[in-house]
Amino acid sequence: MTGPQAVPAQQHGTTDLEDALSHLQCVLVARRTRTNPEGINWQQYDVLEMLRIRGAMSPSVLSESLGVSRQTASKALRVLKDLELVEQAALGEDKREQTTSLTSKGHAFLATAARSRRENVRAAAEVLSPGEQAMFTEMCQKVAASIDTLLH
């Protein structure tokens, strides 16, 4: 037999669920890597995605949502502002508090990246029945929400 042998999950100290989540994460990261010719790093991409999904927000809410320090988020925002993918504006009367949002260039970048997500959806739809797709969607949302609570 050539190549590494598959070791049952129980023999290497993990569960099937852990292995499945890890493998899915690896596959999705590999796919995302292919759609990034601009050289946006993962931290910056996550900032853009969070702004796409949740809309404009302050840097402090953004850093908390991503589970990173305010300094890390600020560093990513500086690069994204220089690339004209995000913009910041004063939030209300207090000029110190900013709100961050995507620019039209940021939306265009994410639209290009969205093609890869749609390809992923087509691949999933090919192997899942409509009922399985609904269950998978529900399960992904539950798992993401549960993991998200670990950040707080």
Side-chain angles (χ1 to χ4, degrees), residues 9 14-152:
T14 62
T15 65
D16 289 340
L17 179 59
E18 181 180 351
D19 286 348
L21 284 171
S22 181
H23 184 246
L24 180 59
Q25 179 181 9
C26 290
V27 169
L28 291 173
V29 167
R31 290 279 298 151
R32 194 161 81 170
T33 300
R34 289 181 137 181
T35 62
N36 186 16
E38 291 83 357
I40 301 296
N41 72 28
W42 298 124
Q43 194 73 58
Q44 295 156 359
Y45 188 91
D46 289 345
V47 166
L48 295 172
E49 275 296 295
M50 188 63 67
L51 292 171
R52 179 188 71 81
I53 292 166
R54 296 194 179 165
M57 61 180 75
S58 69
S60 59
V61 171
L62 181 62
S63 64
E64 185 177 306
S65 298
L66 293 169
V68 299
S69 70
R70 177 84 188 257
Q71 181 181 5
T72 299
S74 293
K75 193 187 279 187
L77 288 172
R78 272 194 303 277
V79 172
L80 294 171
K81 282 193 317 189
D82 289 346
L83 293 171
E84 300 175 350
L85 298 174
V86 301
E87 60 191 358
Q88 292 185 309
L91 184 64
E93 297 292 318
D94 187 353
K95 303 292 186 213
R96 294 172 297 174
E97 188 63 32
Q98 301 272 315
T99 185
T100 305
S101 58
L102 291 171
T103 62
S104 57
K105 189 174 176 181
H107 283 287
F109 171 83
L110 290 174
T112 299
R115 280 198 304 270
S116 178
R117 282 195 315 276
R118 287 190 294 273
E119 289 171 357
N120 293 346
V121 169
R122 281 192 294 275
E126 287 178 9
V127 298
L128 298 174
S129 70
E132 289 171 327
Q133 291 174 41
M135 287 188 305
F136 183 75
T137 300
E138 182 181 349
M139 288 185 280
C140 283
Q141 291 168 342
K142 282 182 177 180
V143 170
S146 178
I147 293 171
D148 190 43
T149 63
L150 299 174
L151 297 174
H152 306 289

Contacts under 3.5 angstrom, residues 102-113 side chains, donor-acceptor by atom type, not counting sequence neighbours:
from   : atom 1 : to     : atom 2 : distance (Å)
Thr103 : OG1    : Glu84  : O      : 2.6
Thr103 : OG1    : Leu85  : O      : 3.2
Thr103 : OG1    : Lys105 : N      : 3.3
Thr103 : OG1    : Gly106 : N      : 3.0
Lys105 : NZ     : Leu83  : O      : 3.2
Thr112 : OG1    : Ala108 : O      : 3.2

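- A side chain to side chain contact (heavy atoms under 4.5 Å, CB included) with Gln88 is found for one member of Pro59, Ser101, Ser58 and no other, namely Pro59.
- How far NE2 of His23 is from CD of Gln25: 11.5 Å, rounded to the nearest 0.5 Å.
- Taking OG from Ser63 and CE from Met50, the interatomic distance works out to 10.5 Å, rounded to the nearest 0.5 Å.
- At a threshold of 4.5 Å between non-hydrogen side-chain atoms, the residues Thr137 and Gln141 count as touching.
- Partners of Ala134 according to the side-chain contact (heavy atoms from CB on, under 4.5 Å) rule, which considers only residues two or more places apart in sequence or in another chain, do not exist here.
- Within 6.0 Å of CD in Gln43 there are more than 12 heavy atoms belonging to other residues, nucleotides or ligands.
- By the side-chain contact (heavy atoms from CB on, under 4.5 Å) test, Ile53 pairs with Glu49, sequence neighbours left out.
- Atoms CD and CG, from Glu18 and Asp16 in turn, are 10.0 Å apart once rounded to the nearest 0.5 Å.
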Quiz: residues 120-128 side-chain donor-acceptor pairs under 3.5 angstrom, not counting sequence neighbours:
from   : atom 1 : to    : atom 2 : distance (Å)
Asn120 : OD1    : Arg31 : NE     : 2.8
Asn120 : OD1    : Arg31 : NH2    : 3.3

Please tabulate, one pair per line, all N/O donor-acceptor pairs under 3.5 Å involving side-chain atoms of residues 65-80, not counting sequence neighbours.
from  : atom 1 : to    : atom 2 : distance (Å)
Ser65 : OG     : Arg54 : NH1    : 3.0
Ser65 : OG     : Val61 : O      : 2.8
Ser69 : OG     : Thr72 : N      : 3.0
Ser69 : OG     : Thr72 : OG1    : 2.8
Ser74 : OG     : Arg70 : O      : 3.0

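- For residues 136-146, the set of pairs meeting the salt bridge (charged side-chain N to carboxylate O under 4.0 Å, His left out) definition, not counting sequence neighbours, comprises Glu138-Lys142.
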